[in-house]
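Since this is a predicted model, take the numbers as computed values, not measurements. Here is the naming used below: chain letters follow the sequence lines, and residue numbers restart at 1 for every chain.
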There are 2 protein chains.
Amino acid sequence: MLSAVNTSTSGHPGSAVDDMVQSLDAAGYRMTDSRRAVIDLICTRDGAFETADLVADARRRKIEAARATIFRTLEILTGLGVVERLDLPNGDHSYVRCDSRAHHHHLVCTRCQRSIDLEDLGMTPILAKVARRTGYKIDRHRVELFGLCPTCQKRASPAP
Amino acid sequence: MLSAVNTSTSGHPGSAVDDMVQSLDAAGYRMTDSRRAVIDLICTRDGAFETADLVADARRRKIEAARATIFRTLEILTGLGVVERLDLPNGDHSYVRCDSRAHHHHLVCTRCQRSIDLEDLGMTPILAKVARRTGYKIDRHRVELFGLCPTCQKRASPAP
DNA sequence: TTTACTGCAAACATTTTGCAGATGT
DNA sequence: ACATCTGCAAAATGTTTGCAGTAAA
């Protein structure tokens, strides 16, 4: 049995943490301190992040979670669809927490990394048309949008 | 001045090679044997490829082009928009030759890697709507479609 | 002749893995 | 108790870089 644990010091609702914890549990994974720690690290961030960010956060906050464990946990969470892996315009790999488990895409601020989930962009008819024209059987697609969030648009100069 | 050189042994039209050679020339890059070799390697392939593929092809065909040169050339060609970098569903980085210099996206076969360029998917209104709703200023997007090409659909079993 | 380019090997960054011991259930 | 996890450190990848020599223009 699991008790919901949210040690986050940020203003985030515990639901994100709970959601991840429950997903892990439901999938039969053991709930360990390290995993809870990684989940907390993820939920404390509120945009796209790289593994290096989590490693740095962990060290800074003196949370014990080995690099390998962070990678392993991220892999599991990605498999569960609780987190998604995406590719920044510069080619780096990063991750985002997903608010919903349904099919969706992400819009990421290229300045602050803040990201929002976009559901139903209306790609279906486009995909159907492409499939019809090309004869390909399209079974997956990636759509990632990048730009400046409202806040960063106001701060014109380079990131802090 | 440049002479068009197409040493490709494949059935591909020389135009792709010429196109790349001319792009390099137009941008002021020197035309060297290594670069010609890398271009030839790229044009001999007809789908998405990883750098490792080119390295392997080069060695197999006994073409001299150091690994570093392949990376460097690919970087230049990417900058010129003659080649595009994309991310496979499995997370690997790969490249595709672009038929056109105009804005477009790619549809890649997950079995044989064959890829076709897609122009004008009709994303503009979608982007506009998202921008309006979210307040983000969207300045770039990535759309990559994956599936099975007509040929691979017929061959049901795992790749050769 | 001048400056860009190449090859090579070393340096780097990132992610994976083997294994002995720790720990959930 | 027993299988799953973790940490660690080594290894495997993938990509970049410094430099002395080579070759375009």
Distance check needed: D:dT6 C1' versus A:Leu74 CG, whole Å only. 16 Å
Distance, nearest 0.5 Å, that separates CD of B:Glu64 from OG1 of B:Thr69: 10.0 Å
Considering the options B:Arg142, B:Glu119, B:His141, which one meets the side-chain hydrogen bond (donor to acceptor under 3.5 Å, both in side chains) requirement together with B:His105? B:His141
Between P of D:dA25 and CG of B:Asp25, the distance in whole Å: 8 Å
It should be established whether B:Thr32 places a side-chain nitrogen or oxygen under 4.0 Å from OP1 or OP2 of nucleotide C:dC5. no
Give a yes/no on whether any side-chain N or O of A:Thr51 is located under 4.0 angstrom from OP1 or OP2 of C:dT15. yes
Which part of the nucleic acid does A:Glu64 contact within heavy-atom distance under 4.0 Å: base, sugar-phosphate only, or nothing? sugar-phosphate
What nucleic acid atoms does A:Ala52 come within less than 4.0 Å of, heavy atoms only: base, sugar-phosphate, or nothing? nothing
Less than 3.5 Å between a donor and an acceptor, one on the side chain of B:Arg67 and one on the base of D:dG14, is that the case here? no
Look at the side-chain N and O atoms of B:His93 and state whether any lies under 4.0 Å from the OP1 or OP2 oxygen of D:dT15. yes
Can a salt bridge be assigned to the pair B:Asp99 and B:Arg97 using a cut-off of 4.0 Å between side-chain N and carboxylate O? yes
Is A:Arg35 close enough to D:dT6 that one of its side-chain N or O atoms is under 4.0 Å from OP1 or OP2 there? yes
Is there, by distance only and without an angle test, a donor paired with an acceptor across the side chain of A:Arg30 and the base of D:dT4 below 3.5 Å? yes
Just the rounded figure in Å: distance from P of D:dT17 to CZ of B:Phe71. 12 Å
Verify the contact: side-chain N or O of A:Ser34 to OP1 or OP2 of D:dC5, cut-off strictly under 4.0 Å; return yes or no. no
Considering only D:dT15, D:dT6, C:dC8, which nucleotide approaches the side chain of B:Arg72 most closely? C:dC8
For A:Arg111 and A:Arg155, indicate whether the former's side chain and the latter's backbone hold a donor-acceptor pair under 3.5 Å. yes
Rounded to whole angstrom units, what separation is found between the CG atom of A:Leu54 and the P atom of C:dT15? 11 Å
Report the residue (A:Ala66 or B:Glu50) whose heavy-atom-nearest nucleotide on DNA chain D is the more 5′ of the two. A:Ala66
What are the two closest heavy atoms between B:Gln153 and A:Gly135, and how far apart are they? NE2-O, 2.7 Å
